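Below: one structure, written as structure tokens.
Just so it is clear, the structure is predicted and the values come from calculations on it, not from any experiment. Keep in mind that the numbers below use all heavy atoms, side chains included, and drop hydrogens, waters and symmetry copies. Start at 1 and go down the list; that is how both ligands and their atoms are numbered.
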Amino acid sequence: MTANPVSVNSNPCLISPEIGKSALAPAHPPLKLGVLASGSGSNFEVIAQAIQNQQLNAEIPVLIYNNPEAKAAVRAEKYGIPSILLNHRDCKSREELDTKIVKTFQEYDVEWVVMAGWMRIVTKVLFDAFPDRVINIHPSLLPSFPGIRAVEQALAAKVKITGCTVHIARLEVDSGPILMQAAVPVLPEDTAETLHARIQVQEHKIMLGAIALIAESNRKYCD
Ligand code: GRF
């Protein structure tokens, strides 16, 4: 799947209104997204907001979070979305956590999994249950700066441009086919915080753009 409808070079911020509209196909059931979030949940909220505004033909039957402090759970409440805490500290292995995640998502009939700031390494257990149906968002222009502290990595490398990526997730951390990217300039005075804040503005746009592409391709596939 490519991101042709959105030109990263000419305007990284542009999400074609046509994509959003064409994804709105009332004859087709909304795409059921299971969201995984560990922290603030701003990416989760833009999805929930876009669904509420009928900009995405999707629904979020459940949010799973692993950290009791995650603000994402508070945001879920605002949108009436059920949220379930699956604390990784209660699991003996990554596989055990992923088994619980899969069971929960299956109970809620989830079709696609969105890792929206999920700070856990996921295993084959999740990928086998949702083959090619797990997406991830990462605050760099992958394949540059995978892994943790991607924003700090970009600053340390003194790159002039970084950005963010939404991709289909594979077993290797932050790898897999790229759905959408946006470029963000690194300013001389940037700190990790200021740069991350600017990246997040673009993350919210490409997250919606990528889900719209998925909703659209799913619709075509069903036709
Ligand atoms: C984002 O920068 C995302 O790229 C990274 O974690 C952060 C999550 O932000 N994987 P939020 O919780 O959605 O605000």
Worksheet item: Taking only residues two or more places apart in sequence, or in another chain, which ones meet D132 in a salt bridge (Lys or Arg N to Asp or Glu O under 4.0 Å)?
Response: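 In terms of salt bridge (Lys or Arg N to Asp or Glu O under 4.0 Å), with neighbours along the sequence ignored, D132 is linked to R170.
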Fill in: Pairs involving residues 156-165, ordered by first then second residue, that meet side chain to side chain donor-acceptor pair (under 3.5 Å) (sequence neighbours left out)
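Found T165-Q181.
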Worksheet item: Any side-chain heavy atom of P82 sitting closer than 4.5 Å to one from L63?
Response: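 A side-chain contact under 4.5 Å is absent here.
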Worksheet item: Rest of the hydrophobic cluster containing V62 (Ile/Leu/Val/Met/Phe/Trp/Tyr, side-chain heavy atoms under 4.5 Å)?
Response: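 L36, I64, I84, L86, L97, I101, V102, F105, Y108, V110, V113, M115, W118, V122, V125, L126, F127, F130, V134, L171, which link up through side-chain heavy atoms under 4.5 Å apart, make up the rest of the cluster.
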Practice prompt. For side chain to side chain contact (heavy atoms under 4.5 Å, CB included), just list the numbers for I214 and R133, CA-CA rounded to whole Å, side-chain angles, deciding distance to a tenth of an Å, and then say yes or no.
Written response: CA-CA 9 Å; I214 291 167; R133 285 176 174 239; over 6 Å; no
Worksheet item: Contact residues of ligand 1 with a heavy-atom cut-off of under 4.0 Å?
Response: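 Residues near ligand 1: S40, G41, S42, N43, G117, I137, H138, P139, H196, Q200, E203.
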Discussion item. Side chains of N87 and N67 only: does a donor on one sit below 3.5 Å from an acceptor on the other?
Written reply: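 Their side chains do not contain a donor-acceptor pair, so the 3.5 Å distance test is not met.
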